[in-house]
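The structure appears below as structure tokens.
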Protein chains: 2
Amino acid sequence: MSERLITIREMCDEFDVTPRTLRFYESRELIFPLRRDMNRFYGRSDRARLKLILRGKRFGFSLEEIRQLLELYDPTERNVTQTRATIATAHDRLADMERQYDELATAILELRHQIAEGEKWLNSIQTDARQTA
Amino acid sequence: MSERLITIREMCDEFDVTPRTLRFYESRELIFPLRRDMNRFYGRSDRARLKLILRGKRFGFSLEEIRQLLELYDPTERNVTQTRATIATAHDRLADMERQYDELATAILELRHQIAEGEKWLNSIQTDARQTA
DNA sequence: GGCGAGGTTTACGTTCACGTAAGCCCCGAC
DNA sequence: GTCGGGGCTTACGTGAACGTAAACCTCGCC
């Protein structure tokens, strides 16, 4: 299938990150670009993983938590006991995310309400100004 | 109404944080406990604010972003231009949260799928073991 | 009256997730 | 040939969000 490999710069442009960030993620074993004479080349899998990494970060997960989750998405040389552990922690993360989902719904409603209140207050001030004019 | 004031220790127990954390939030002007002869006493407002702070943190917001949001929830001496700015950034945060809400829904579905795949794989291994036995 | 528990300030230490700078290699252009 | 551009490693710096230690005060209690 001749995987389309891209350089670190193309990767950075595509995902809006710095080379330092990609090398850092690699050092933490979150991505595994192909190394050819000292240079890095990123394939489809690396792009998929980076996408998941950035998404995980937006949800407030640490890189270590994300690394554990990535093991689940990656069907490389699975060991049974290892996979069991991965799935167990994945269940925990899933529970976290479901809790966060509900909380987020509540927070969004409350924030909308507060914004509406604030705007109402601003309008009342405007009205006062017009009346006293 | 004789507001029920609680000590720093009670506050810590109620929200599972350390005294250091509460003092730190105070130094960053996120909460404003009453000071009586060198001691801190927390009221209803402080508890409400701390709840919002901890929730904001779970969503990945920085303390500074949270501080700005808190201004919206707090109707103390509002200035018009100030409130306008607060509401503007609140709209941004709201957009962030709505994006995150949608992303989270997708991520949850994908994670559930991956967990199911992992469990299916584990079962297939179990079956192989039985068959080869 | 001493002392332990709980509060306070000040200040340096720590972890995470990178930023930034120094120094080196290699390659294509001028 | 050299020179700039891009990539590499190594290593120290940084901001956020606290942890932790030192040194103090004060209150209730035996």
Side-chain angles (χ1 to χ4, degrees), chain A residues 4-43 46-47 49-71 89 92-93 96 100, chain B residues 4-43 46-47 49-71 89 92-93 96 100:
Chain A
R4 162 128 184 75
L5 296 175
I6 65 179
T7 78
I8 195 168
R9 189 100 292 285
E10 293 171 311
M11 191 76 166
C12 290
D13 293 347
E14 185 171 341
F15 291 95
D16 193 36
V17 293
T18 70
R20 175 67 173 112
T21 301
L22 293 182
R23 299 195 193 102
F24 181 70
Y25 290 167
E26 184 181 351
S27 78
R28 297 306 199 74
E29 307 193 316
L30 288 150
I31 45 181
F32 309 96
L34 200 149
R35 305 298 299 265
R36 211 155 46 195
D37 32 84
M38 281 294 98
N39 284 17
R40 294 170 169 82
F41 295 95
Y42 299 84
D46 298 306
R47 290 193 284 275
R49 293 174 73 90
L50 182 54
K51 204 169 171 181
L52 286 172
I53 293 167
L54 297 178
R55 192 163 73 181
K57 285 203 53 184
R58 281 195 290 279
F59 298 154
F61 290 142
S62 75
L63 292 185
E64 176 55 25
E65 287 172 322
I66 293 171
R67 196 189 59 75
Q68 294 181 20
L69 273 183
L70 282 174
E71 283 179 27
T89 71
D92 292 353
R93 293 291 139 270
D96 288 350
Q100 195 168 341
Chain B
R4 163 129 183 75
L5 297 175
I6 65 180
T7 77
I8 195 169
R9 189 99 295 281
E10 292 172 312
M11 191 75 167
C12 290
D13 293 347
E14 184 170 341
F15 291 95
D16 193 36
V17 294
T18 70
R20 175 70 172 106
T21 301
L22 292 182
R23 298 196 192 102
F24 182 70
Y25 290 167
E26 184 181 350
S27 79
R28 297 307 199 74
E29 307 193 315
L30 288 151
I31 44 183
F32 309 95
L34 201 150
R35 305 299 299 266
R36 213 154 45 192
D37 29 85
M38 283 293 99
N39 285 20
R40 293 171 170 82
F41 295 95
Y42 300 84
D46 298 305
R47 290 194 285 273
R49 293 173 74 91
L50 182 54
K51 203 169 171 182
L52 287 172
I53 293 168
L54 297 178
R55 192 163 73 181
K57 285 204 54 184
R58 282 195 291 279
F59 299 154
F61 290 143
S62 74
L63 291 185
E64 176 54 24
E65 287 171 322
I66 293 172
R67 197 188 59 75
Q68 293 180 21
L69 273 183
L70 281 175
E71 283 179 27
T89 73
D92 292 351
R93 293 293 140 265
D96 289 349
Q100 195 169 342

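Keep in mind that this is a model prediction, so the values were computed, not measured.
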Classify the nucleic acid contact of A:R36 as base, sugar-phosphate or nothing, counting any heavy atom under 4.0 Å across all strands shown. nothing
Does A:N39 use its side chain to pair, donor to acceptor, with the backbone of A:R36 at less than 3.5 Å? no
Quick check on C:dT8: is either OP1 or OP2 less than 4.0 Å from any side-chain nitrogen or oxygen of B:R40? yes
Would you mind telling me which of B:R40, B:R20, B:R67 makes a salt bridge (Lys or Arg N to Asp or Glu O under 4.0 Å) with B:E26? B:R40
Between CG of B:D37 and C1' of C:dG6 the distance, given in whole Å, is 14 Å
Using a 4.0 Å heavy-atom cut-off, does B:R23 contact any base of the nucleic acid, only the sugar-phosphate backbone, or nothing at all? base
In whole angstroms, the gap separating P of D:dA16 from CD1 of B:I66 amounts to 13 Å
Calculate the interatomic distance between B:D13 atom CG and C:dG6 atom C1'; express it in whole Å. 13 Å
Under 4.0 Å between a side-chain N/O of B:R9 and OP1 or OP2 of C:dG7, yes or no? yes
Please check the phosphate of D:dG7 (OP1 and OP2 only) for any side-chain N or O of A:R20 closer than 4.0 Å. no
Is there side-chain contact between B:I6 and B:R47, with at least one heavy-atom pair below 4.5 Å? yes
Does B:K57 place a side-chain N or O at less than 4.0 Å from the phosphate oxygens OP1/OP2 of D:dA16? no
Between B:M11 (CE) and C:dT8 (P), how many Å, whole number? 13 Å
Check whether any side-chain nitrogen or oxygen of B:T18 sits under 4.0 Å from OP1 or OP2 of D:dC18, and answer yes or no. no
Between C:dT8, D:dC18, C:dA17, which one does the side chain of B:N39 approach most closely? C:dT8
So what does B:F61 hit on the nucleic acid, given a heavy-atom distance under 4.0 Å: a base, only sugar-phosphate, or nothing? nothing
Is the distance from OP1 or OP2 of D:dG19 to the nearest side-chain N or O of B:T21 less than 4.0 Å? yes
On the nucleotide C:dT9, are OP1 or OP2 found under 4.0 Å from the side-chain N or O atoms that B:R35 carries? yes
Rounded to whole Å, how long is the line connecting atom CD of A:E64 with atom P of C:dC16? 9 Å
Both B:M38 and A:F24 contact DNA chain C. Taking the nearest nucleotide for each, which residue is further toward the 5' end? B:M38
Which nucleotide in D:dA11, D:dA17, D:dG7 has an atom nearest any side-chain atom of A:I8: D:dG7
Spacing between B:L22 atom CG and C:dG6 atom C1', to the nearest angstrom: 15 Å
To the nearest angstrom, the CZ-P distance between B:R28 and D:dA16 comes to 6 Å
Can you find a side chain N or O atom of A:Y25 that sits less than 4.0 Å from OP1 or OP2 on C:dA17? no
Classify the nucleic acid contact of B:F41 as base, sugar-phosphate or nothing, counting any heavy atom under 4.0 Å across all strands shown. nothing
Side chain of B:D13, backbone of B:E10: donor and acceptor closer than 3.5 Å? no
In Å and rounded to the nearest 0.5 Å, what is the OG1 to CD distance from A:T89 to A:E71? 8.0 Å
Whole Å only: how far is the CG atom of B:L30 from the P atom of D:dA16? 13 Å
Determine whether a donor-acceptor pair (N or O, by modelled atom type, separation under 3.5 Å) exists between the side chain of A:R49 and the backbone of A:L30. yes
